[in-house]
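Here's the structure, in structure tokens; my notes come after.
Below, chains carry the letters A, B, ... as their sequence lines are ordered, and counting in each starts from 1. FYI, side chains are in, hydrogens and waters are out, and symmetry mates aren't considered; it's all heavy atoms of this structure.
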There are 4 protein chains.
Amino acid sequence: MGGGRTRRMPRAERERQMLDAAVEIIARHGYTAASMDEIAELAGVSKPLVYLYLNSKDDLFTACIRREAAALTEAVRAAVRPNLPADRQLWDGVQAFFTYTAEHPDGWTVLHLQARTHGPRFAAEADAMRAEMTAFVTRLIATAALESPHSRDLSTREIEGLAAALIGAVESLADWTNTTPTATAAQASATLMNFAWSGLGNLMSGNRWAPPGAASAARP
Amino acid sequence: MGGGRTRRMPRAERERQMLDAAVEIIARHGYTAASMDEIAELAGVSKPLVYLYLNSKDDLFTACIRREAAALTEAVRAAVRPNLPADRQLWDGVQAFFTYTAEHPDGWTVLHLQARTHGPRFAAEADAMRAEMTAFVTRLIATAALESPHSRDLSTREIEGLAAALIGAVESLADWTNTTPTATAAQASATLMNFAWSGLGNLMSGNRWAPPGAASAARP
Amino acid sequence: MGGGRTRRMPRAERERQMLDAAVEIIARHGYTAASMDEIAELAGVSKPLVYLYLNSKDDLFTACIRREAAALTEAVRAAVRPNLPADRQLWDGVQAFFTYTAEHPDGWTVLHLQARTHGPRFAAEADAMRAEMTAFVTRLIATAALESPHSRDLSTREIEGLAAALIGAVESLADWTNTTPTATAAQASATLMNFAWSGLGNLMSGNRWAPPGAASAARP
Amino acid sequence: MGGGRTRRMPRAERERQMLDAAVEIIARHGYTAASMDEIAELAGVSKPLVYLYLNSKDDLFTACIRREAAALTEAVRAAVRPNLPADRQLWDGVQAFFTYTAEHPDGWTVLHLQARTHGPRFAAEADAMRAEMTAFVTRLIATAALESPHSRDLSTREIEGLAAALIGAVESLADWTNTTPTATAAQASATLMNFAWSGLGNLMSGNRWAPPGAASAARP
DNA sequence: GATGAATGAGATTTCATTCAT
DNA sequence: AATGAATGAAATCTCATTCAT
């Protein structure tokens, strides 16, 4: 049982396998309910080896959160080009976000739910990523506000709130995409842009936000 | 230890105390990390009494979720008057929501985080409430869409997505309000309405959503 | 739940109900697994009343054993007439025994199994009854031996052993009767007499013990 | 407390020690009253190790029953030679039986009392062994009956009853031997054979069953 | 005579973690 | 580099038993 003697393997690869297993198990059962036994078994190694490499259950969880946060952040960063207009940056960013979370649902669960639910030490790790995302969005809004003569009056506090709302909308749509079988990352992106950029009031008046690839401009 | 002999008490009141204690402890440490010992001690009773009344840790948690969900739902329902226009209903609803969650941060944590993180049985309980909220918002959007000749083309699927985004924005702002010391429920409500109803794009152009009490109309 | 206020009742009758309930529950689940809650509920009274009447779980069990032992002993004693020949006394006794145990299977279980399995204090209670039975059988064998010129050489020790064997055969047949759907007390009695009085060797030679009601020859 | 650090040991041996301890404790205090703490301590290991190897208290008990049943059955089987006459087979079998139970009184208690008293799951395990013994005895009686022209008329049902009686006599004598300080397995065997093969009636007439080693035949 | 409210003590079981090899 | 053997500590849950009314 368990597959006999395990093949020798460079440390980095072994560690990756362990983190993969941990992310999967933690996403499925929750951090506290996940047992080191299960994780070691899924990783195909013995428990002492997990301790040798990752030190403790807490450290293992922290490593998972950091790895997943870095990967998601990187995916978004790679997709955004800072020279383009704010709405285009947002569009590119959320599309990358939805694509990544759809392809890595366990990682997303770990970041979005597990990391925030098991004490401040882990929540802080997840908040670091959330703060980065919020900073990105805040910068976007602030930049756009600067260029828009009518709206200098957006206070910092207000921008912060708007950013929080936007991030929340994105997160919720990521969950929605992962839960709704037929929903795609592209649809989620379009919905998000219409919601965030145009607002429900405008949608009611027939004014949609125009996706970047659209032929004619929706905004002069 | 623990304050001597406990006073006799009718069952209903004792049960309430236990749920209060459970919500507080679970919000603080997370469901799995919360121990029945702690909960009983905070409730001022012995562990066996908790089991006698609530049956098991799982049932206790379920009872917490149900009670908190019912209370929050009720607070929102009581604040909304179905005859008023959609944006007014939304305004009233979110204000009640933010007020309630600000006054019951532990309950909100239990509903928003803990209930969704510890297995499908509890997630289902929380989803029931979320579905109710989503249904309310969906109805609002659909109604507004019907009255708005330009926007019949909103598909059901799209409305669903918009509702998810809106709920996510609300949840995120509730967290933000609870985390940001100086933020108030009223501010959060205003931000939400501007974000959701006007959209960022409009804000940039100086078009804000007008709060209901405002003297002159912001929308002709 | 439980039927509301219970009717007042003379103490003796209440106590009987409690013992009835205890015997049934203990036979079903075993002494240690039987809970005072269950017993009180089946008796239709509250737990404190059980304690008021029977004092403790141990005392309750002891009372059960004594009552059941007395009843079984009495049933056998009433059936045996000391003037008749030994085999006739045995026949009458075992028939009463099998009849009683078939009609009170729970009581038999309590005596035969439960009382002997939960520590010396209870085993002693059950042994008292077993000793009485053994004494009866021993007396029977000794008497018969005295009248039988060829067999004075049966030592006391040997008679003791024979009595133990006979009692064991009776007990086993009682179980067999209770377990085998179509078996009757009469059949068990006949089998026992053939086995014990004639012996297997004689049965092989066609010599059966003749039941008392049989006219003349054992089997034409 | 408990004798310091325990020596490392191959799994099989440790498991045997645990079963030894469990049988002893269970025989002494009864299954339900036996605590895993006690068993682990007597086995000289920590409680978790008991769970690691035997899985649960129920499984541990089952393992005890199976091991003891197998050992007793094996002891009897090894002593019986199927070519010899029926009474000789019986003599050899019961002597092995009494010898074994006298040397393993705890195992006998577990099989005879504990296994039958704590619910059907365990009773079934013990019944399996009892059924094997009964089958052996039944076969013996049936064989003897076939060879004995006078006694073909023994019905299957009757043989079953006789087997039950015989088994009960054996069990009771095993108890008697273990309880009576000066009683030996050989005496018990002789008593059993006289009782079962000759019957009390014959004993009264001076006809004894002749033990196999006896010089001349007791049966013409 | 009878009970609802309450608890001290102890049961089984699980888990993160370490040693010796 | 890797693991089988082992444990301290703590979790959930149950039970016999008693007050106060």
Side-chain angles (χ1 to χ4, degrees), chain A residues 2 4-11 14 32-40 44-53 55-60, chain B residues 1-2 5-11 13-14 32-40 44-58 60, chain C residues 2 4-11 14 32-40 44-53 55-58 60, chain D residues 2 5-11 13-14 32-40 44-58 60:
Chain A
R5 205 48 88 268
T6 319
R7 235 190 51 248
R8 293 285 176 101
M9 214 173 248
R11 173 160 185 146
R14 263 282 139 83
T32 330
S35 85
M36 295 297 271
D37 274 292
E38 261 179 318
I39 292 172
V45 297
S46 70
K47 241 189 314 178
L49 199 59
V50 179
Y51 278 88
L52 189 62
Y53 281 17
N55 202 50
S56 78
K57 197 187 182 189
D58 275 24
D59 285 2
L60 169 59
Chain B
M1 192 184 297
R5 212 44 92 265
T6 317
R7 246 194 37 255
R8 292 283 178 108
M9 216 171 250
R11 175 167 185 141
E13 193 176 350
R14 263 286 136 82
T32 332
S35 86
M36 295 298 270
D37 274 292
E38 262 179 316
I39 293 172
V45 297
S46 69
K47 234 187 324 174
L49 201 61
V50 179
Y51 279 91
L52 191 61
Y53 283 13
L54 275 311
N55 204 51
S56 77
K57 197 186 181 190
D58 274 26
L60 170 59
Chain C
R5 205 48 88 266
T6 319
R7 235 190 54 247
R8 292 284 177 102
M9 214 172 248
R11 172 159 184 146
R14 264 283 140 80
T32 329
S35 85
M36 296 296 271
D37 273 290
E38 261 179 316
I39 292 172
V45 298
S46 70
K47 240 186 318 177
L49 200 61
V50 179
Y51 279 88
L52 189 62
Y53 280 16
N55 201 50
S56 78
K57 196 187 180 188
D58 275 23
L60 169 59
Chain D
R5 210 47 89 267
T6 318
R7 245 195 36 258
R8 293 283 177 107
M9 216 171 249
R11 176 167 184 142
E13 193 176 349
R14 263 284 136 82
T32 333
S35 85
M36 295 298 268
D37 273 293
E38 264 178 314
I39 293 172
V45 296
S46 69
K47 238 187 319 175
L49 201 60
V50 180
Y51 279 90
L52 190 61
Y53 283 13
L54 275 313
N55 203 50
S56 76
K57 198 186 181 190
D58 274 26
L60 170 59

### Task
State which of dA6(F), dA16(F), dA16(E) makes the closest approach to the side chain of Lys57(A).
dA16(E)
### Query
For dG4(F), does either OP1 or OP2 sit under 4.0 Å from a side-chain N or O belonging to Arg14(D)?
no
### Residue met sooner reading DNA chain E from 5', once Ser56(D) and Asn55(A) are mapped to nucleotides
Ser56(D)
#### Entry: Donor-acceptor contact present, side-chain Glu13(D) to main-chain Pro10(D), <3.5 Å
no
### Query
In terms of the nearest nucleotide of DNA chain E, which residue is placed more toward the 5' end: Leu49(B) or Asp58(A)?
Leu49(B)
### Query
OP1 or OP2 of dA2(E) sitting under 4.0 Å from any side-chain N/O of Tyr53(C)?
yes
### Query
How about Arg14(C) and Leu49(C): do any of their side-chain heavy atoms sit closer than 4.5 Å?
yes
### Message
Please report the distance, rounded to the nearest Å, between CG in Leu54(B) and C1' in dT14(F).
### Response
16 Å
### Query
Which residue, Asp37(C) or Met36(B), contacts DNA chain F at a nucleotide closer to its 5' end, judged by nearest heavy atom?
Met36(B)
### Task
Would you indicate whether the side-chain heavy atoms of Leu60(B) and Asn55(B) approach each other to under 4.5 Å?
no
### Query
Just how far, in rounded Å, is P of dT12(E) from NZ of Lys47(B)?
15 Å
### Message
Can you give me the closest heavy-atom contact between Ala40(C) and Ser46(C), atom names plus distance?
### Response
CB-C, 4.1 Å
### Message
Given dA6(E), dA16(F), dT12(E), identify the nucleotide with an atom nearest to the side chain of Ser35(C).
### Response
dA16(F)
### Query
How close do Lys57(C) and Met36(C) get, heavy atom to heavy atom, and via which atoms?
CG-SD, 3.6 Å
### Task
Whenever both distances are under 3.5 Å in a Watson-Crick or G-U wobble pair, mark it; put DNA chain F into dot-bracket that way, with [ ] for crossing pairs and | when the partner is on another strand.
.||||||||||||||||||||
### Task
Using a 4.0 Å heavy-atom cut-off across all strands, classify Ala40(A) as base, sugar-phosphate, or nothing.
nothing
### Message
Taking only side-chain N and O atoms of Arg11(B), does any of them lie within less than 4.0 angstrom of OP1 or OP2 on dA6(E)?
### Response
no
### Task
Among dA2(E), dA6(E), dC13(F), find the nucleotide with the atom closest to the side chain of Tyr51(B).
dC13(F)
## Note on the structure
Out of dT12(F), dT7(E), dT13(E), minimum distance to the side chain of Pro48(B) belongs to dT7(E)
### Task
Remember a base hit wins even if backbone is also touched, and classify Ala34(B) as base, sugar-phosphate or nothing at under 4.0 Å, heavy atoms.
sugar-phosphate
### Spacing between Leu52(A) atom CG and dC19(E) atom P, to the nearest angstrom
13 Å
### Summary
For Asp58(A), the side-chain contact (heavy atoms from CB on, under 4.5 Å) test, sequence neighbours excluded, returns Tyr31(A), Ser56(A), Arg121(A), Phe122(A)
### Arg11(D) charged N/C atom sitting above Tyr53(D) aromatic ring, 6.0 Å / 45°
yes
